[in-house]
There are 2 protein chains.
Amino acid sequence: MSDGKIRNMEDFAALSGISRPTISKYFNDPQSVRQSTRAKIEEAIERYDYRPNIFAMNQNRKLTKNVGIVVPYLADPFFAEIARNIEQRCIDSGYRPTLFSSHGDPELEVEILDTLRSLKPAGVLIAPLGRASRKGALERFCKDVPTVLFDSNLEGIGAAFVGSDNFSFVSQTVEYMTRTGAPPAFFEMRTPANPNANKRRSAYIEMMSRLGFDPKVIQIDGEGWAFEEIGRRGAHKVLEDGSLPTDAILCSNDRLAIGFLSACYERGLKVGRNPDCVLRVASNDDHPFSKFTCPALTTAAHDYERVAEHSVDSLFLLIENGGSLPTREETLFPARLVLRASA
Amino acid sequence: MSDGKIRNMEDFAALSGISRPTISKYFNDPQSVRQSTRAKIEEAIERYDYRPNIFAMNQNRKLTKNVGIVVPYLADPFFAEIARNIEQRCIDSGYRPTLFSSHGDPELEVEILDTLRSLKPAGVLIAPLGRASRKGALERFCKDVPTVLFDSNLEGIGAAFVGSDNFSFVSQTVEYMTRTGAPPAFFEMRTPANPNANKRRSAYIEMMSRLGFDPKVIQIDGEGWAFEEIGRRGAHKVLEDGSLPTDAILCSNDRLAIGFLSACYERGLKVGRNPDCVLRVASNDDHPFSKFTCPALTTAAHDYERVAEHSVDSLFLLIENGGSLPTREETLFPARLVLRASA
DNA sequence: AATAAAAATTTACGCGCGATAACTTTTATA
DNA sequence: TATAAAAGTTATCGCGCGTAAATTTTTATT
């Protein structure tokens with residue numbers, strides 16, 4: 001201290017002319033001290049560049065300002081985007097987000113939950129793996145830690161769910177394709193990892209019935225999260241054996257569609273809505289790359305911003321409410337149809 | 001304790017029949033206690049599911065087991081992939097990695113360094129933004145915290161650098177294109193954010209000279225990290241005004257190439273090595289998506305695994321060495337040429 | 001100016017663990 | 001079996017901060 005080095009809050013308090021407990025209060029919640037005191041403290045922070053020891057803070061606080069963000073697969077730019085959005089909102093609200101990716105591995109997902117526990121987070125935002133998730137472990141975790149699920153819903157788990165309205169997605173793409181051409185067949189994985197996939201299939205079937213058409217579901221084999229490659233192989237297979245029931249294809253998600261379009265290109269099949277095209281392909285998600293496929297992908301877009309915003313707001317509400325909410329609300333946002341060249 | 005709940009290491013020590021200092025030693029380094037004691041402790045951990053309070057640990061330890069990983073742009077699957085690889089290696093070595101993305105923002109990069117300081121990390125692995133990075137802040141950070149740079153080198157900053165040998169990349173693609181067709185023109189951003197881009201341009205010019213050809217560099221406008229869109233617009237422009245000096249194009253990186261191919265498709269220009277193709281396009285990086293472009297992209301691939309492995313090994317060596325190394329080593333790994341349909 | 005309410009201060013303790021010194025027990029090597 | 005080295009034990013302190021009670025100072029209201 002005499003050498004100008006501030007070692008702890010005590011030193012900083014002495015130099016700034018404010019008592020330590022008040023400084024502590026300030027860092028706990030800047031609004032809890034008088035405006036004039038706050039100004040003094042902030043000036044001193046600026047001058048001495050002091051920050052409290054984060055470990056000592058978190059050790060003693062009943063509730064830390066940590067927030068965990070867990071996504072199933074960070075190498076998927078869709079999740080990277082939404083994670084970025086959520087991350088920023090947490091920072092802006094004075095929380096300290098930490099980002100985790102399950103990398104498609106259920107065991108890793110559970111390990112992350114374990115790590116999160118030790119971080120004593122104020123709350124957690126998790127997009128679970130889905131079908132593969134260890135539901136028991138997740139459920140136990142949500143009992144102990146205020147948790148909001150996003151993107152993938154698991155019935156009854158977590159205090160709230162925020163995601164996209166799969167019916168809104170599929171109904172728009174189906175309606176559009178039908179109106180401007182022919183009713184589409186639905187292209188998906190046989191055993192999709194993500195629960196949204198099942199909802200999308202149901203929505204497709206429902207929508208086709210409403211419009212008076214026979215639903216045609218094409219299910220391809222494949223496991224894991226390499227959706228593009230699975231879509232590409234699956235497309236090659238159905239294009240090879242001619243089992244495609246129609247020339248209008250609606251893919252369950254953009255990553256499958258990316259693979260599908262890749263296969264079409266490799267086989268010299270022109271995709272699009274021009275007269276010389278033999279196929280039309282649409283999809284769901286508005287993946288960051290879907291603008292750059294060949295042709296560019298017609299797709300139903302997530303409202304990233306609103307999903308992120310409402311997820312974070314739900315979590316903060318949950319935290320302020322002491323970790324529980326009266327009912328488990330499921331909030332679904334509609335899609336926005338993005339017309340590009342592929343359909 | 002009497003109610004079965006273990007509140008701290010003291011309780012756990014009592015239940016496991018080992019003294020607390022020994023337990024503490026074990027968690028600091030499991031190898032530092034006798035085999036028989038270790039077995040007892042591990043059995044007790046298993047039985048009581050005890051884990052030490054991470055905040056109390058880090059507060060008092062001279063050196064934490066925290067490792068920071070910083071990438072410039074996590075929505076780029078290339079960085080997501082390499083981050084995943086590094087992350088896993090850290091975990092396997094008993095460290096606790098935390099992942100950060102600068103999201104292309106130099107201010108955020110500096111903020112992350114600030115956050116990292118407060119985490120008292122044993123070491124940090126950072127792929128800096130490059131040209132836009134606040135070099136002063138980075139340099140100061142590296143003086144205080146053992147840091148290894150990867151992917152993007154900043155002269156003299158950090159204790160070591162691990163990346164890819166840009167000459168190996170470009171020389172292979174140039175040589176291949178020249179041998180199998182014509183010497184390529186080099187397609188890049190005018191003011192690239194990443195220092196690798198400059199090295200690639202130099203390598204291109206050098207390689208063309210060696211082969212006895214005139215280097216032809218096409219520089220397109222654009223700022224930021226939306227490389228695909230920049231590449232697409234740039235391609236449209238040069239294809240529009242016919243300023244392309246040759247029909248063989250080597251893109252500085254895959255993301256630009258993705259945009260380039262997208263533009264070609266939109267203009268009905270067939271790309272590839274078949275006789276009916278009017279352009280050949282190759283690139284560098286082997287981006288996860290480059291297998292699914294139309295046509296699939298011929299590119300020089302990073303050795304993700306070796307870069308990740310050597311980065312982590314360098315950091316651990318640095319840590320064991322007390323935070324400094326005799327010389328600042330720069331390790332570059334060669335590329336592996338991946339032949340696909342585009343060139 | 002009087003008074004109550006709000007805010008800041010002083011004092012004191014506790015959190016869970018790291019680290020050390022002095023001592024005792026176990027193990028290794030002869 | 002003797003003996004030194006290695007490992008474990010007991011006891012005690014300190015880290016940097018949260019938190020609470022009692023007290024004093026400042027602010028707001030009449």
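Lettering follows sequence order; numbering is per chain, from 1. Computed from a predicted structure; not experimentally measured.
Looking at heavy-atom distances under 4.0 Å, K25(A) makes no contact with the nucleic acid at all.
In this entry the distance linking CZ of F12(A) with C1' of dC17(D) reads 14 Å, nearest Å. Rounded to whole angstrom, the span from the CG atom of N53(B) across to the P atom of dC17(D) amounts to 16 Å. At whole-Å resolution of the value, NZ in K120(A) and C1' in dG18(D) are 11 Å apart. Going from atom CE of M9(A) over to atom P of dT19(D) covers 11 Å, rounded to whole Å. In this structure, K62(B) atom NZ and dG14(D) atom P are separated by 15 Å, rounded to whole Å. The nearest whole Å value for the distance from the CZ atom in F27(A) to the P atom in dG16(D) is 15 Å. Between K65(A) atom NZ and dC17(D) atom C1' the separation is 16 Å, expressed in whole Å.
Considering only side-chain atoms of N60(A), the nucleotide from dC17(D), dG8(D), dC15(D) that sits closest is dC17(D).
DNA chain D is contacted by both Q59(B) and I18(B); I18(B) maps to the nucleotide lying nearer its 5′ end (nearest heavy atom per residue). Each of N28(A) and P21(B) lies near DNA chain D, and the nucleotide nearest P21(B) is the one positioned closer to the 5' end.
Annotation: H310(B) is not in aromatic contact with F150(B) [ring centroid separation under 6.0 Å not met]. The ring of H302(A) has its center no closer than 6.0 angstrom to the ring center of F333(A).
In this structure, CG in N153(B) is found 10.5 Å from OG1 in T331(B), a value given to the nearest 0.5 Å.
A parallel orientation is assigned to the rings of Y73(A) and W225(A), their planes being inclined by less than 30° (bins at 30° and 60°).
None of R38(B), E42(B), Q31(B) except one satisfies the side chain to side chain donor-acceptor pair (under 3.5 Å) rule with Y26(B); the exception is E42(B).
You won't find any donor-acceptor pair under 3.5 Å spanning the side chain of R20(A) and the base of dG16(D), going by distance alone.
For the pair T64(A) and L119(A), the minimum side-chain heavy-atom distance is 4.5 Å or more. You'll find the side chain of R117(B) stays beyond 4.5 Å of the side chain of R51(A), heavy atoms only.
Note that the first and last nucleotides of DNA chain C, 5' to 3', having any atom under 4.0 angstrom from a heavy atom of chain A are dA7(C) to dG16(C).
Within a 6.0 Å sphere centred on NZ of K120(A), heavy atoms belonging to other residues, nucleotides or ligands number more than 12.
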Margin query: Please evaluate residues E330(A) and R328(A) with respect to the criterion salt bridge (Lys or Arg N to Asp or Glu O under 4.0 Å), reporting the C-alpha separation (whole Å), side-chain torsions for both, the decisive distance (0.1 Å), and the verdict.
Written below: CA-CA 7 Å; E330(A) 302 187 356; R328(A) 182 180 186 278; 2.8 Å; yes
Nucleotide N/O of nucleotides 26-30 of chain D paired with protein N/O under 3.5 Å:
none

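For T37(B) and dA7(D), the shortest distance from a side-chain N or O to OP1 or OP2 is not below 4.0 Å.
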